[in-house]
Amino acid sequence: QVQLVESGGGLVQAGGSLRLSCAASGRSFSTDAMVWFRQSPGKEREFVARITWSSGTTVYANSVKGRFTISRDNAKNTVYLQMNSLKPEDTAVYYCAAQPTILTTRYNYWGQGTQVTVSS
């Protein structure tokens, strides 16, 4: 039983910054990696970034590379998504998900989602 609790979403003007947090809790929580996705109304879910708990290896979508930074605090079981130079097209509901193994693209836990709105 695992819960992912997200926070940090909100309204921001283009060019601004925002930091999202996703705190994982649960007995014997163990997963290879944490992943951020986002989804806008009428559009498919989009991969944003991934980080492994052990090595901290990161992967980014090309659309956010150079602007977003994913990080983790292992002691707090928390992952972060620092979003800089935000654009209106970044507007979406952002979801945190747990990836049991990076050998497969399967995600067994999801956060509730947090709304990020970027105004022009």
Side-chain angles (χ1 to χ4, degrees):
Q1 186 269 318
V2 172
Q3 289 189 67
L4 304 180
V5 181
E6 303 173 355
S7 61
L11 307 175
V12 65
Q13 293 188 187
S17 298
L18 211 57
R19 189 176 79 154
L20 307 183
S21 300
C22 178
S25 64
R27 203 178 193 90
S28 300
F29 176 70
S30 181
T31 188
D32 272 7
M34 299 296 289
V35 185
W36 286 99
F37 292 92
R38 65 186 182 185
Q39 188 167 26
S40 299
K43 297 185 178 181
E44 292 187 342
R45 186 180 64 210
E46 176 189 16
F47 166 82
V48 177
R50 185 186 76 191
I51 188 167
T52 62
W53 284 110
S54 57
S55 67
T57 301
T58 59
V59 178
Y60 296 94
N62 288 332
S63 60
V64 306
K65 200 170 299 181
R67 299 188 298 120
F68 290 11
T69 303
I70 188 171
S71 61
R72 93 290 201 208
D73 186 331
N74 296 71
K76 295 181 178 180
N77 278 339
T78 301
V79 296
Y80 306 94
L81 186 67
Q82 178 66 48
M83 306 183 293
N84 298 325
S85 302
L86 283 163
K87 306 173 180 179
E89 49 262 48
D90 294 319
T91 296
V93 177
Y94 284 70
Y95 297 92
C96 180
Q99 186 175 12
T101 171
I102 60 174
L103 297 178
T104 63
T105 54
R106 183 172 63 85
Y107 313 93
N108 62 172
Y109 296 105
W110 293 81
Q112 78 285 355
T114 184
Q115 177 70 48
V116 172
T117 302
V118 184
S119 62
S120 59

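Everything numeric here is computed off the predicted structure, so don't read it as measured data.
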Over all atoms of both residues, closest heavy-atom pair of Tyr60 and Lys65: O-CE, 3.8 Å
Sidechain-backbone polar pair: Glu6 side chain, Cys22 backbone, donor-acceptor under 3.5 Å: no
Any chance NZ of Lys43 has more than 12 other-residue heavy atoms, nucleotides or ligands included, within less than 6.0 Å? no
So among Ile70, Thr69, Asp73, which one has a side chain to side chain contact (heavy atoms under 4.5 Å, CB included) with Tyr80? Asp73
Which pair of heavy atoms, one from Ser21 and one from Thr78, lies closest together, and at what distance? CB-CG2, 4.4 Å
Donor-acceptor side-chain pairing of Thr52 and Asp32 below 3.5 angstrom: no
Approximate separation, where rounding is to 0.5 Å, of Ser40 OG and Arg45 CZ: 13.5 Å
Any side-chain donor paired with an acceptor under 3.5 Å for Glu46 and Ser63? yes
With side chain to side chain contact (heavy atoms under 4.5 Å, CB included) as the criterion, how do Val64 and Met83 come out once you've worked through the C-alpha distance, each side chain's angles and the decisive distance to 0.1 Å? CA-CA 9 Å; Val64 306; Met83 306 183 293; over 6 Å; no
Side-chain hydrophobic cluster, 4.5 Å single linkage: members besides Val35: Phe37, Phe47, Val59, Val93, Tyr95, Tyr107, Trp110
Grab the two heavy atoms, one from Arg67 and one from Leu86, that are nearest each other, plus how far apart they are. NH1-CA, 3.9 Å
Interatomic distance, Leu20 atom CG to Phe68 atom CZ [nearest 0.5 angstrom]: 8.0 Å
Mind checking the CD-CG spacing from Gln115 to Leu11? Nearest 0.5 Å is all I need. 8.0 Å
Thr57 (side chain) donor-acceptor with Ser55 (main chain) under 3.5 angstrom: no
When every non-hydrogen atom of Ala14 is compared with those of Ser120, the smallest separation belongs to CB-CA, 4.3 Å
Rounded to the nearest 0.5 Å, what separates atom CH2 in Trp53 from atom CG in Asn77? 5.0 Å
Kindly determine whether Leu4 and Met34 satisfy side chain to side chain contact (heavy atoms under 4.5 Å, CB included), including the steps that lead there. CA-CA 10 Å; Leu4 304 180; Met34 299 296 289; 3.8 Å; yes
Can you confirm whether Gln112 is buried at CD, in the sense that more than 12 heavy atoms of other residues, nucleotides or ligands lie under 6.0 Å from that atom? yes
Quick one: does Thr31's side chain have a donor or acceptor within less than 3.5 Å of a partner on Gln99's backbone? yes
Please report the closest heavy-atom contact between Asp90 and Ser85, naming both atoms and the distance. OD2-O, 4.4 Å
Minimum heavy-atom distance Ser54-Arg72, with the two atoms named: O-NH2, 3.0 Å
Would you say Asn108 and Arg106 are linked by a side-chain donor-acceptor pair, where the criterion is simply a distance under 3.5 Å? no
In this structure, CG of Leu81 is separated from OH of Tyr94 (nearest 0.5 Å) by 7.0 Å
